[in-house]
Every structure is written in structure tokens, then in C-alpha cells.
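The structure appears below as C-alpha cells.
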Number of protein chains: 2
Amino acid sequence: MPAKKNYHHGDLRQSLINEATRMIAESGVEKLSMRGLAEGVGVSRTAAYHHFKDKNELLCAIAEQGFSQWYDKMGSRLKEVPDDLESWFRGFSHAYIDFAQNHAEQYDLMFGRPIWKNGQPTETLRDISFEAFQCYADFVKKCLPEDHFNQEQDALRVAQVSWSSLHGLSRLLNDGVYLDKAAINSMCDVAARLLVQNMR
Amino acid sequence: MPAKKNYHHGDLRQSLINEATRMIAESGVEKLSMRGLAEGVGVSRTAAYHHFKDKNELLCAIAEQGFSQWYDKMGSRLKEVPDDLESWFRGFSHAYIDFAQNHAEQYDLMFGRPIWKNGQPTETLRDISFEAFQCYADFVKKCLPEDHFNQEQDALRVAQVSWSSLHGLSRLLNDGVYLDKAAINSMCDVAARLLVQNMR
DNA sequence: CGCTTAATCTTGACAGTGTCAACATACAAT
DNA sequence: ATTGTATGTTGACACTGTCAAGATTAAGCG
């Protein structure tokens, strides 16, 4: 029952995650090296390999934490029962994009190639990331009129497409393609308008 | 003219682009190394550096070709004057996503971090990529009712948001996050419906 | 306490990377 | 033919991820 306490270096596993998150936020995933990280924590080059199978697993752990933080910030909104859906979605998309910008590097990690395509997402990561989407999909279903045509299936599709919109906006903004940060507000407005008018 | 195999390669620059594109399509950008590429073309490790300042410039050249191919496939649609906007957009989004899937690795390169965030997009790349979007934005403006409120600005926003939707869908599909390829059709339907009902 | 065992950390090593400097070759223009 | 310039090659350097083997420490048990 006494939590396994640090002997030499404290809880190295968590220290690695913290420092890596910090480094990534500072200069991007591409610049994160296992060796640099080890040095930052004050430990030997390969020490991390006793806590993570490889670099990919470390990144997955960071992404997991990201999803957890995402839920801290966004989860409450998904439990609301809004009467004005359009203004709700305006707020939601703004919050979503805010998160993606304030945790830009972590966001890119959560949904990006290094983990999902090139590496392999951990099972726990796959679970927690899917929960986030599922939670959103449930919200959408809840908001569709009860007599909506083919409610179940359609709600899923609407959730997929609208999430994709927010994701696309976030990525293009983050990477500096096409979109201007000064226009975030009006893009959220438009996104909300586009989405909602079809749901009633 | 028959290329002599001795010392000079003839058209090395284009050969490098072609082979690199092939390799990327085969196994992703991350696996592309300057050395492996050189070997694939049958040339020395650093030969490419007389045609491209660095790896980033090579990638930009590949991305440029990607945008050119994108326009070959999509440009004609943007010159149509559709009477049924919703079905037009259904077709467009399907074509867009098809392109993103058939040229998955190249698409990720065209809009991805390695170039836009980490590296630096070439000026020619910035130009050709912006042309593509501009062309789409013009189409959207053309389709808005002439008496539409604040037409100019609103058209741009709608173009940004809808492009982001397609981009988001493409990326999530490509990376294998959340979306199922079997649902592409119905997601395109929903995307078209969401977009168009606001434009009339 | 002492002994064993398993967890953790370090050092050494290897193959791989991008890219710079110096050198070699071939083509173009004088 | 001689020069200059574009193009190709070899060597080298500082990095990277990660494996194998040795060193250290904590934990479990008599």
C-alpha cells in the first residue's frame, strides 16, 4: 500500500513525461530527443527505456495526458443541455480551438502522424482518445430532435463531420496554412451556423 | 538524347523528385532519407545538395508537384456553374477526399508540419498552395446569392471553414483517427448538407 | 540481520541520419 | 586549349534511437 517510492531519482517515469511535455511545448516534437530529455532530467541516456518500451510509448503517454487535460477543459460543456444550440456550438468550437492553440504541440501529438500512423497508439491511448470522441457524439445525438430521420446513424455522421471541421481548423491554424488567427472568432461563428441549422 | 551514365546524370533534379515521391508513397516521409534516396537514384550521398539547399527544399518541390496534380484533378470542378449546389459539393468533397487518399503521403506533405511548421515553405510553394485555396474561395463567392449579407467577407469564411472540414476529414482518415473509410460516402453527404443549406 | 532476486540506472557500442568542406570530373564559353 | 562553372564524390562531424552487458540499489524472505 505504501506507494512505490522513489529511490534514486524520485518518480522518474512521471518526471520524464513532465519534462518531455515541457520540451515539446517549447520546441516541438521533432526536436525532442531521448538523449536531450535524459540530460534535462539529469539521468543517463538510456534510463528512460526502463519505463517506456521506446520513444513511441513515451509520446503516447504524453498524448494520454493531453486527452485527460482536454476532458478537464471540455467535458463540462458536453454535459450541458443547451437551449440555444448555435451559441453553444460557437462557444464549444472556440474552446476547442483555444485548447488546440494553447497546447499546440501536444494537440498535434494527440492527433498526429508520429503516433497514429508512423508509430502505434498504445491501447490506453486508443481508449481514452475514443472516449473523448464518444462523449461528443453522445452530446450530438442528445441534441438531435427525437423524431429525426435515422437518428442514430445521422448523429454519428454529424459528430464526425463537425469534429473534423474543428480538427481541420485547428491543424491549419497550428501549422500556419491558409488561416489567419485573427479570424478565429468569425470562423467559429460560421462553423456554428453551418452546423446547427441542419439539426433542427 | 540518350543519357550517358558516366559522371553526370542528365536530369538529376527531376529524377530525385520522382524517386523521392515514389519512396514517400511507398513508405512515408519519415522513412525518406537523403542517403537512401541517393542510392535509389544511383548517385552519391550528397549529390542532391547541388539541386536542393537541404531536405526541406526537396520536400517543398514534391509538395509543389502535389498541388499541381491536385489542380489537374480538381480545377475543372471549380470552373463549373452548378445549379444543384448540394450535389456539386457532394461530388467535390468526395473528389477531394479521394485525392487525399490516393496520394495520402503526398497530401500529408502538402499540408503538414514537416514543411509548414518545422521547415519553411518555399516561396513558390506558398504561391501555388495559396492559388489552390484562392480558386476555391472564388468559387464559393460566385455561388453565394448576390444579395448575400456581407458577401465578400462571408464567402471567405465559408471557404475557410468548409475547406477545413475537408482537410480535417482527410487527415483523420489518413492517420486512422476516429473515422472509418467505409463511411466516406455518408460523411460527404452530411458535409454537403451542412454546408449548402446556409448558402441559399 | 543476511541472502537472493528483481528493478533500476550507467556505460559502451552500432547503425543510421543531415549536411558541410574539400576534392574530382565534365561540360560551356573564351 | 584554357579557363570557369556546374555537377558529382569522399571524408568527416555531430547527432539520433536503441540494444547488450555490467553496476547499483530496493524489496522480499528466512
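When reading the values below, keep in mind they use all heavy atoms of this one structure, side chains included, and skip hydrogens, waters and symmetry mates.
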Residue pairs passing the salt bridge (Lys or Arg N to Asp or Glu O under 4.0 Å) test with at least one member in residues 17-41 of chain A, sequence neighbours excluded, are Glu19(A)-Arg22(A), Arg22(A)-Glu26(A), Glu30(A)-Arg113(B)

Has Thr46(A) got a side-chain N or O lying under 4.0 Å from the OP1 or OP2 atom of dT10(C)?
no

In numerical order, the residues of residues 47-62 of chain A whose heavy atoms come under 4.0 Å of DNA chain C are Ala47(A), His50(A), His51(A)

Check: dT18(D) base within 3.5 Å donor-acceptor of Arg35(A) side chain
yes

So Glu64(B) and Thr124(B), side chain to side chain donor-acceptor pair (under 3.5 Å) or not? Walk me through it.
CA-CA 8 Å; Glu64(B) 275 180 45; Thr124(B) 57; 2.5 Å; yes

Taking atom C1' of dG16(C) as reference, at what distance in whole Å does atom CG of Leu37(B) sit?
16 Å

Base dT10(D) to side chain Ser44(B), donor-acceptor N/O within 3.5 Å cut-off
no

Under 6.0 Å between the ring centres of Phe111(A) and Trp70(A)?
no

Taking the six-membered ring for Trp and the single ring otherwise, decide whether the centroids of Tyr107(A) and His103(A) are under 6.0 Å apart.
no

For Arg13(B) and dA6(D), what is the distance between atoms CZ and P respectively, to the nearest whole Å?
15 Å

Nearest-angstrom distance from the residue atom CD of Glu39(A) to C1' of dG17(D):
16 Å

Measure from CD on Glu30(A) to P on dG17(D) and round the result to the nearest Å.
13 Å

For the pair made of NZ in Lys31(A) and P in dC15(D), what is the distance, rounded to whole Å?
12 Å

Record whether the side chain of Arg45(B) comes under 3.5 Å of the base of dG8(D) through a donor-acceptor pair of N or O atoms.
no

For atom CG of Leu16(B) and atom C1' of dT7(D), their distance in whole Å:
12 Å

Roughly, in whole Å, what's the span from CE in Met23(B) to P in dT17(C)?
10 Å

Is it true that a side-chain atom of Asp175(B) and a backbone atom of Trp116(A) form a donor plus acceptor pair closer than 3.5 Å?
no

Report yes or no: does Lys117(A) contribute a side-chain atom to a donor-acceptor pair with the main-chain N or O of Asn174(B) at less than 3.5 Å?
yes

Ala47(A) backbone acceptor or donor facing Ser44(A) side chain under 3.5 Å
no

